[in-house]
Amino acid sequence: MESSQGEVGDDVDCWEYRGEGNASLVIANKKTHKVLKLHKCLLDPNSAKTSDVTYSAADMKQQVKYAESILKPLLGSYICVPEMVAVTSNFLQSINNKMKDCRPSARLHKTVDVNSKFALSLPDLSFLHPFHDEFNTPVYCVEIKVRVYIYITTDPCMLSLFV
């Protein structure tokens with residue numbers, strides 16, 4: 001594990017279900033106000049868990065690098081760069097067991113990939129900070145789901161749109 005990466009302990013009691021999509025399950029830590037984005041895989045009833053998408057540590061590093069080098073310069077303080085954190089299979093299995101009853105039944109054909117070695121950690125921005133009460137103003141929250149697209153062109157006018 002690289003020194004810039006954090007580590008998540010095996011204590012699952014402070015984690016709660018936050019939500020999920022097709023490829024990831026998100027859990028929140030009540031104490032640290034952080035969320036973890038965990039990779040999911042298909043649950044094959046005939047055998048062990050099998051991943052439907054190959055998602056490696058290199059892919060995760062690429063996501064972090066994209067946030068740092070492309071999004072952060074464009075959006076400044078409005079973007080949170082994720083941190084790769086080490087997770088154990090014991091922790092992931094415990095999370096699977098704890099979150100099973102919280103998850104929508106339509107999502108139970110997939111489970112957290114217990115073979116993952118890393119997860120992405122981000123600040124939990126879904127709660128209001130105490131200083132907000134002083135301003136007594138409405139709060140708007142927008143989630144930007146970033147997708148990495150590579151567009152190859154030789155037209156210099158089109159290229160300038162993507163740089």
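All values derive from a computational prediction rather than experimental measurement. Hydrogens, waters and symmetry mates play no part in the numbers below; they use all other heavy atoms, side chains included.
- Both Tyr17 and Val12 sit in one connected hydrophobic cluster of ILVMFWY residues. Membership requires side-chain heavy atoms under 4.5 Å apart, directly or through other members.
- Scanning both residues, Lys40 and Asn22, for their nearest heavy atoms gives CE-O, 3.5 Å.
- Taking each heavy atom of Lys98 and Asp13 in turn, the nearest pair found is NZ-O, 3.3 Å.
- Across all their heavy atoms, Ala28 and Val35 have their closest contact at CB-CG1, 3.9 Å.
- Shortest non-hydrogen contact noted between Glu68 and Val81 is CG-CG1, 3.3 Å.
- For the side-chain contact (heavy atoms from CB on, under 4.5 Å) with Phe91, the lone residue among Asn96, Asp11, Val112, Leu36 that qualifies is Leu36.
- Note that CG of Leu92 and NE2 of His39 are 11.0 Å apart. Values are rounded to the nearest 0.5 Å.
- For the atom pair NZ of Lys110 and SG of Cys41, the computed distance is 8.5 Å after rounding to the nearest 0.5 Å.
- Tested against Leu38, the residues Ile95, Val26, Leu120 include a single side-chain contact (heavy atoms from CB on, under 4.5 Å) partner, Ile95.
- The two atoms that bring Ser121 and Val85 nearest to each other are CB-CG1, 3.9 Å, heavy atoms only.
- Atom-to-atom distance recorded for Leu25:CG and Arg103:CZ is 5.5 Å, nearest 0.5 angstrom.
- Contact between Met60 and Phe118 at its shortest, heavy atoms only, is CE-O, 3.4 Å.
- Dense packing is recorded around NZ of Lys30, with more than 12 heavy atoms of other residues, nucleotides or ligands lying under 6.0 Å away.
- In this structure, SG on Cys80 lies 11.5 Å from CG on Leu71, to the nearest 0.5 angstrom.
- Atoms OG1 and CD, on Thr88 and Gln93 in that order, are 10.5 Å from each other to the nearest 0.5 Å.
- The CD atom of Glu20 lies 11.0 Å from the CE atom of Met99; values are rounded to the nearest 0.5 Å.
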